[in-house]
Number of protein chains: 2
Amino acid sequence: MVNIQEQIELFIKKCRVKNLNVTPQRLTIYRALLSDGSHPNPDAIHKKIIQEHPTISFSTVYKTLEAFERTGIISLVNNLHDTMRYDPITKQHHHIICVKCKKIIDVFDEELDFIKIPQSVTDGNRLLGFKVHFNVICSNCRE
Amino acid sequence: MVNIQEQIELFIKKCRVKNLNVTPQRLTIYRALLSDGSHPNPDAIHKKIIQEHPTISFSTVYKTLEAFERTGIISLVNNLHDTMRYDPITKQHHHIICVKCKKIIDVFDEELDFIKIPQSVTDGNRLLGFKVHFNVICSNCRE
DNA sequence: TATTAGTTAATAATAATTATTAATTAAAAA
DNA sequence: TTTTTAATTAATAATTATTATTAACTAATA
């Protein structure tokens with residue numbers, strides 16, 4: 001789906017623009033992330049990297065990913081990772097999420113419930129359900 | 001959107017079915033969750049409850065929410081909360097998420113990029129983007 | 001080369017969650 | 001009703017992921 005070499009070159013360009021030196025560690029971390037389509041967590045990335053780069057530390061992985069994210073080079077998939085959030089309503093609905101204050105608001109909309117499911121989703125997987133996440137900055141959060 | 005009284009009665013029924021005693025603590029926790037449309041985290045729920053129920057402990061809140069979730073009475077919004085997950089691809093795409101092993105697979109599908117945005121989403125909020133999450137059990141995880 | 005800023009690695013600190021245990025309460029049996 | 005048993009709760013300890021701090025190191029610049 002994506003050309004690795006192309007992505008790496010793009011990555012290097014982005015770093016230049018954002019004034020991030022392209023260090024061996026950073027390249028390694030980016031490559032590890034790119035090569036693993038499952039979106040590994042910092043721990044998994046570190047484990048993967050440690051072989052070709054035995055002295056790299058955990059905090060480097062964290063700080064690096066954070067720097068990439070902050071500058072828009074990569075994105076954090078689960079911006080609600082920091083704490084558990086529960087939903088008392090179990091019937092199909094969707095969510096508006098404020099990326100600043102992390103509040104989650106329900107969206108009930110019949111139309112969204114009937115989107116066309118891509119082939120790849122059901123291919124080998126048992127589909128349990130889906131949800132649309134709308135990332136917003138809410139009225140309270142834009143000062 | 002949802003009738004509170006109705007939901008509470010439904011909750012009580014569900015507890016019976018799942019062999020969970022309907023204790024004051026559980027009712028209080030469920031009500032706190034239901035009454036706050038923002039999907040509060042355990043800490044916020046605890047803070048809210050402590051007034052009318054000053055002896056309730058943190059671990060009770062955690063265990064109770066966990067029990068509700070386990071039995072399907074409520075659902076965990078962010079099943080990827082446990083650890084950070086990054087995405088090197090920044091162009092619009094969507095995600096298949098295995099609820100067991102938590103792996104995240106990209107879905108590129110033009111059609112999904114053009115869903116109709118409900119009124120309530122843009123109402124007061126600045127929309128940054130959206131993503132469809134397909135929750136599945138992947139081939140590896142159904143033993 | 002000297003200076004400076006940026007980066008890394010090691011370590012300590014924090015915060016959220018989970019596990020453990022004892023006390024309490026509720027349900028079931030006698 | 002009393003006794004027994006199981007479920008629930010509260011308090012506490014332990015664990016894990018993440019963040020902050022700091023000193024050593026490296027790269028860029030003057």
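To find a chain, count down the sequence lines: A is the first, B the second, and so on, and within it residues start at 1. On a predicted model such as this, the values are computed, not experimentally measured, just so you know.
- Atom NE2 in A:His53 sits about 12 Å away from atom C1' in C:dA9, given to the nearest Å.
- A:His46 places a side-chain N or O within donor-acceptor distance of the main-chain N or O of A:Ile56, the cut-off being under 3.5 Å.
- Here the P atom of nucleotide D:dA27 and the CG atom of A:Asn19 are 18 Å apart, to the nearest Å.
- Going from atom CG of B:Asp123 over to atom SG of A:Cys138 covers 12.5 Å, rounded to the nearest 0.5 Å.
- Between the side chain of B:Arg85 and the main chain of A:Ser38, a donor-acceptor pair closer than 3.5 Å is present.
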Item to check | Dot-bracket pairing map - DNA chain D, Watson-Crick plus G-U, both contacts under 3.5 Å, | cross-strand | outcome: ||||||||||||||||||||||||||||||

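- Ring orientation note: the planes of A:Phe134 and B:Phe130 are tilted relative to one another, at an angle of 30° to 60°.
- In this model, no donor atom of one side chain and acceptor atom of the other lie less than 3.5 Å apart for B:Lys102 and B:Thr83.
- Atoms CZ (B:Arg26) and C1' (D:dA10) sit 14 Å apart, rounded to a whole Å.
- For C:dT8, one of the phosphate oxygens OP1 or OP2 lies less than 4.0 angstrom from a side-chain nitrogen or oxygen of A:Thr23.
- Applying a 4.0 Å cut-off to non-hydrogen atoms, none of the residues of residues 32-49 of chain A approaches DNA chain C.
- Rounded to whole angstrom, the span from the CG atom of A:Asn21 across to the P atom of C:dT8 amounts to 8 Å.
- Atom C1' of nucleotide C:dT11 and atom CZ of A:Phe58 are separated by 14 Å, given to the nearest angstrom.
- Not a single donor-acceptor contact under 3.5 angstrom links the side-chain atoms of B:Thr55 to the base of D:dA10.
- When the side chains of ILVMFWY residues are joined at heavy-atom separations under 4.5 Å, either directly or via intervening members, A:Tyr86 and B:Leu10 end up in two distinct hydrophobic clusters.
- Taking 4.0 angstrom as the limit, A:Gln25 places a side-chain polar atom (N or O) nearer than this to OP1 or OP2 of C:dA9.
- Taking atom OH of residue B:Tyr62 and atom P of nucleotide D:dT16, one finds them 16 Å apart after rounding to whole Å.
- In the hydrophobic clustering of ILVMFWY residues, with side-chain heavy atoms under 4.5 Å counting as a link, B:Ile137 and B:Ile104 come out apart.
- Summarising the geometry, the separation between CG on B:Leu27 and C1' on C:dA26 is reported as 15 Å, rounded to the nearest angstrom.
- Neither side chain, A:His81 nor B:Asp82, offers a donor N or O lying under 3.5 Å from an acceptor on the other.
- Side-chain atoms of B:Asn125 do not come within 3.5 Å of backbone N or O of B:Leu127 as any donor-acceptor pair.
- Base engagement by A:Thr60 is indicated by at least one non-hydrogen atom pair under 4.0 Å involving a base atom.
- One atom, CD1 of A:Ile50, and another, P of C:dA9, lie 9 Å apart when rounded to the nearest Å.
- A:Ser59 comes within 4.0 angstrom of a base, heavy atoms only.
- Using modelled atom types, one side-chain atom of B:His93 and one backbone atom of B:Lys91 make a donor-acceptor pair closer than 3.5 Å.
- Remark: B:His81 in residues 63-89 of chain B come within less than 4.0 Å of DNA chain C through at least one heavy atom.
- A salt bridge is absent between A:Lys13 and A:Glu9: the closest approach of a Lys/Arg side-chain nitrogen to an acidic carboxylate oxygen does not fall below 4.0 angstrom.
- In this model, a donor atom of one side chain and an acceptor atom of the other lie less than 3.5 Å apart for A:His94 and A:Asp113.
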